[in-house]
Undergrad: 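Questions regarding the structure given below will be posed in turn.
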Amino acid sequence: MKILVINAGSSSLKYQLMDPDSGDVFAKGLCERIGIDGRLTHKAPAKDIKVVSEIPMPTHAEAITAVLDILVDPVNGVVSSVDEIDAVGHRVVHGGMKFAESCLIDEACLEAVRACIPLGPLHNPANLLGIEACQKILPNKPQVAVFDTAYHMTMPPKAYRYAIPDEYYEKDSLRRYGFHGTSHRYIAKRVEALEGKGLKVINCHLGNGSSLAAILDGKCQDTSMGLSPLCGVPMGTRVGDIDTTVAQYICKNYNKSMDEVMTILNKKSGVFGLSGGVSSDFRDLEAAAAQGNEKAQLALDKFAYEVKKYIGAYAAALGGLDVLVFTAGVGENGVLMRSMICEGLEFLGVKLDQEKNKLRGDERIISAADSKVKIWVIPTNEELMIAQDTAALAK
Ligand code: AMP
């Protein structure tokens with residue numbers, strides 16, 4: 001089968017055409033500047049092709065058309081006709097309490113995704129634009145929605161409820177949902193294949209956005225993001241967990257609206273804010289810290305400290321720990337950060353092998369031979385999960 005995986009943002013759209021069984025990627029790329037002008041970057045790995053072209057994309061529909069045109073292009077394409085594409089899988093960020101699994105898109109599913117817009121106002125409208133464009137251009141292809149929140153629906157109420165008056169949960173569904181669920185689910189499956197069933201696992205998805213998940217026998221028990229992807233550990237530009245009074249203080253004393261404060265907490269905080277604006281990129285922070293920049297060093301220390309604290313908390317929540325996993329940009333590549341996080345966790349049975357840790361981007365065990373807890377680096381593959389769910393539901 002050939003599945004087209006779409007991840008639509010408000011002005012960008014990522015795509016991959018892949019085989020859900022082998023995981024082979026025939027082509028992948030990115031449409032940027034949708035609604036502004038339009039640029040397509042397309043790669044076909046097997047043909048060693050990379051093309052960048054300026055194509056007008058007033059809406060997501062033109063972006064999808066540009067993707068399909070290049071997929072069937074005699075030189076740069078990878079299929080002879082759109083008929084070879086069996087189905088389309090869409091990443092949808094917020095599935096609210098409605099979706100514990102992926103869903104074949106029909107009018108009822110679309111209505112439910114629209115109903116989740118108040119919970120995911122930054123992402124769901126953009127995801128819907130991608131779905132609606134594909135429905136218009138590929139009306140006869142099965143389309144599937146795969147939700148970031150779905151994997152976390154196995155959390156027990158004590159993990160997902162906030163200690164606020166219960167009417168806000170009963171009436172408004174305000175609770176912890178968690179994100180990066182498709183990535184956490186992929187890792188849970190890989191750990192089962194590598195280490196077996198029934199294990200207590202903590203997955204550290206550390207990238208520009210970061211979240212941890214406490215996993216028992218493949219199922220999520222707790223996760224660090226909440227109603228939105230703002231909370232948990234500090235991130236590239238997101239603040240992570242914080243006393244809400246800080247928001248009120250900035251509002252009052254700097255004469256800002258709540259929306260302006262949310263922008264500060266989402267876009268100007270995290271390691272970027274803490275480093276005094278050095279960078280949200282961990283490579284830049286490491287380079288600056290190595291040159292003696294104390295704020296960059298503090299940002300790295302804070303990040304490692306908060307991730308370490310979550311690992312301790314989740315080991316307590318799970319009643320032990322068998323496997324610790326690092327994934328996503330920083331988790332897969334951050335040799336120094338992995339070492340900083342694991343340092344001092346020996347009391348939990350976490351012992352890193354510093355030589356094995358010197359790797360970037362490969363699936364490999366990096367714990368010492370006598371470590372009670374297995375430590376793995378596992379590159380995540382959310383697209384493969386989306387393609388596999390799509391293939392299963394399209395059949
Ligand atoms: P992601 O959001 O998963 O794509 O991760 C992106 C982040 O990974 C970037 O912001 C970088 O900070 C981080 N990253 C990528 N390569 C490295 C590396 N070699 N060392 C440390 N961090 C890295």
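Just follow the structure's listing: the first ligand is 1, and inside any ligand the first atom is 1.
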Undergrad: Any chance the rings of Tyr168 and Tyr162 have centres within less than 6.0 Å?
TA: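 Aromatic pair excluded; centres sit 6.0 Å or further apart.
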Undergrad: Can you classify the ring geometry of His94 versus Tyr177 as parallel (below 30°), tilted (30 to 60°) or perpendicular (above 60°)?
TA: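 Geometry flag for Tyr177 against His94: perpendicular rings.
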Undergrad: Please could you name the atoms of ligand 1 that Gly207 approaches to less than 4.0 Å, counting only its heavy atoms?
TA: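 Listed by number with element: 1 (P), 2 (O), 3 (O), 5 (O).
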Undergrad: Starting from atom 13 (C) of ligand 1, which protein heavy atom do you reach first, and at what distance in Å?
TA: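 So the nearest neighbour among protein heavy atoms is Val330 CG2, 3.6 Å.
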Undergrad: Could you tell me which residues satisfy ring-ring contact (aromatic ring centres under 6.0 Å, His included) with Phe326, sequence neighbours excluded, listed by chain and number?
TA: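 With neighbours one apart ignored, the set is empty.
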Undergrad: For ligand 1, does Met337 get within less than 4.0 Å through its side chain, its backbone, both, or neither, judged by non-hydrogen atoms?
TA: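 It is neither; nothing of Met337 touches ligand 1.
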Undergrad: In the protein, which heavy atom is nearest to atom 19 (N) of ligand 1, and how far is it?
TA: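 Ranked first by proximity to atom 19 (N) of ligand 1 is Arg360 NH1, 3.2 Å.
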Undergrad: If I take atom CG from residue Leu40 and atom CG from residue Leu30, how far apart are they, to the nearest 0.5 angstrom?
TA: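 These two atoms lie 8.0 Å from each other.
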Undergrad: Should the pair Glu363-Arg190 be classified as a salt bridge under the 4.0 Å nitrogen-to-oxygen rule?
TA: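 Salt bridge: yes.
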Undergrad: Find the distance between CG (Leu17) and NE2 (His42) and round it off to the nearest 0.5 Å.
TA: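 Result: 9.5 Å between the selected atoms.
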Undergrad: Does Tyr151 have any ring-ring contact (aromatic ring centres under 6.0 Å, His included) partners at least two apart in sequence or in another chain, and if so, which?
TA: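 Partners of Tyr151 under the ring-ring contact (aromatic ring centres under 6.0 Å, His included) test: none.
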Undergrad: Under 4.0 Å from a heavy atom of Gly334: give me the atoms of ligand 1 that qualify, with their elements.
TA: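 Matching atoms, with element in brackets: 20 (N), 21 (C).
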Undergrad: Please list the nearest protein heavy atom to atom 22 (N) of ligand 1 with its residue and the distance rounded to 0.1 Å.
TA: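 The closest one turns out to be Phe282 CB, 3.7 Å.
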Undergrad: Who's the nearest protein heavy-atom neighbour of atom 23 (C) of ligand 1, and how far?
TA: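 Atom 23 (C) of ligand 1 sits closest to the protein heavy atom Arg283 CG, 3.8 Å.
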Undergrad: Between Leu336, Asn208, Asp281, which one has a non-hydrogen atom sitting closest to atom 7 (C) of ligand 1?
TA: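 Looking at heavy atoms only, Asn208 sits closest to atom 7 (C) of ligand 1.
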Undergrad: Protein heavy atom under 4.0 angstrom of atom 4 (O) of ligand 1, is there one?
TA: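 Under 4.0 Å from atom 4 (O) of ligand 1, zero protein heavy atoms found.
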Undergrad: Counting non-hydrogen protein atoms only, what is the nearest one to atom 14 (N) of ligand 1? Give residue, atom name and distance.
TA: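 Ranking protein heavy atoms by distance from atom 14 (N) of ligand 1, first comes Gly329 O, 3.8 Å.
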